[in-house]
Amino acid sequence: DAKTTQPPSMDCAEGRAANLPCNHSTISGNEYVYWYRQIHSQGPQYIIHGLKNNETNEMASLIITEDRKSSTLILPHATLRDTAVYYCIVRPWNSGNTPLVFGKGTRLSVIA
Amino acid sequence: DVKVTQSSRYLVKRTGEKVFLECVQDMDHENMFWYRQDPGLGLRLIYFSYDVKMKEKGDIPEGYSVSREKKERFSLILESASTNQTSMYLCASSLLTEKLFFGSGTQLSVL
């Protein structure tokens, strides 16, 4: 799986958009970008994934650059409950019997 | 919604005890996983299973074993608990290996 690089921490004001970057310059053509988050004292939660087109769901939007070497997870109106560690993972879809590997992620603090 | 239930939220055990951590999922998922999480080290995979009675070692299997006698249940066993196994243990299940559903975790303290 391609390596990802995320900033260790970020702050965001409540009500503003939180833009979380992820670099994956070695991504290959069949690899998707997945995002999870982990709120304190809970298990990680799947957020969204995409291949090359921008994706949106009820939780967030995912913007992938045209060259696919980086992506941004956008929480359009961050709330205090969005304070969590956000993980960006790159791997092929349904990669057989190869479990997900979680890196260190970005710790997002939403401030009132 | 998928529900992954871990039997205990907090557990305190003595060194040398045999410890069972239970995990049950209600969505007929083929895949189940055990991770542990420690400050500064992130999530590390201990064991996983893609089918009943089947198991595969993850990155840190030493000191652990697992059991999957039924599809919905995946048990993590610490044969002889040690203080360095004090950790948060997270169970997950999935239909596809990319979209995992996690339980709330068990914080295990070994004294």
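Residue numbers begin at 1 in each chain, while the letters A, B, ... track the order of the sequences. All values derive from a computational prediction rather than experimental measurement.
At most 12 non-hydrogen atoms from other residues, nucleotides or ligands lie less than 6.0 angstrom from NZ of A/Lys104. The number of heavy-atom neighbours closer than 6.0 Å to CZ of A/Arg107, taken from other residues, nucleotides and ligands shown, is 12 or below.
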**Message:** Could you walk me through whether B/Tyr35 and A/Leu100 satisfy the side chain to side chain contact (heavy atoms under 4.5 Å, CB included) test, starting with their C-alpha distance in whole Å, then the side-chain angles of each, then the deciding distance to 0.1 Å, before giving a yes or no?
**Reply:** CA-CA 11 Å; B/Tyr35 290 85; A/Leu100 277 181; 4.1 Å; yes
**Request:** Tell me, with the steps shown, if A/Gln38 and B/Leu43 meet side chain to side chain contact (heavy atoms under 4.5 Å, CB included).
**Result:** CA-CA 11 Å; A/Gln38 186 174 20; B/Leu43 283 107; 3.9 Å; yes
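If you take CG on B/Leu100 and CZ on A/Phe102, they are separated by 6.0 Å, rounding to the nearest 0.5 Å. Taken from OG in A/Ser41 to CE in B/Met88, the straight-line distance is 5.5 Å, to the nearest 0.5 Å.
Contacts between B/Arg9 and chain A at a heavy-atom distance below 4.5 Å involve the side chain alone, from C-beta outward. Contacts of B/Gln6 with chain A are absent, with no heavy-atom separation under 4.5 Å from either backbone or side chain. Using a 4.5 Å cut-off between heavy atoms, A/Tyr87 contacts chain B through its side chain alone, with no backbone atom that close.
Using a 4.5 Å heavy-atom cut-off against chain B, the contacting residues of residues 42-73 of chain A are A/Gln42, A/Gly43, A/Pro44, A/Tyr46.
Connection of B/Leu21 to B/Val66 is established within a shared hydrophobic cluster, with ILVMFWY side chains joined at heavy-atom distances below 4.5 Å, either directly or through further cluster members. B/Leu11 and B/Trp34 fall within the same hydrophobic cluster, where Ile, Leu, Val, Met, Phe, Trp and Tyr residues are linked whenever their side-chain heavy atoms come under 4.5 Å apart, directly or through other members. Transitive grouping of hydrophobic side chains (ILVMFWY, heavy atoms separated by less than 4.5 Å) keeps B/Leu111 and B/Tyr10 in distinct clusters. A single hydrophobic cluster is not seen to contain both B/Tyr64 and B/Leu45; linkage of ILVMFWY side chains at heavy-atom distances under 4.5 Å, directly or through other members, places them apart. B/Ile46 is connected to B/Val110 through a chain of hydrophobic side-chain contacts under 4.5 Å among Ile, Leu, Val, Met, Phe, Trp and Tyr, so both are in one cluster.
Interface remark: of the candidates B/Gly105, B/Ser104, B/Gly42, B/Ser104 forms the most heavy-atom pairs closer than 4.5 Å to chain A.
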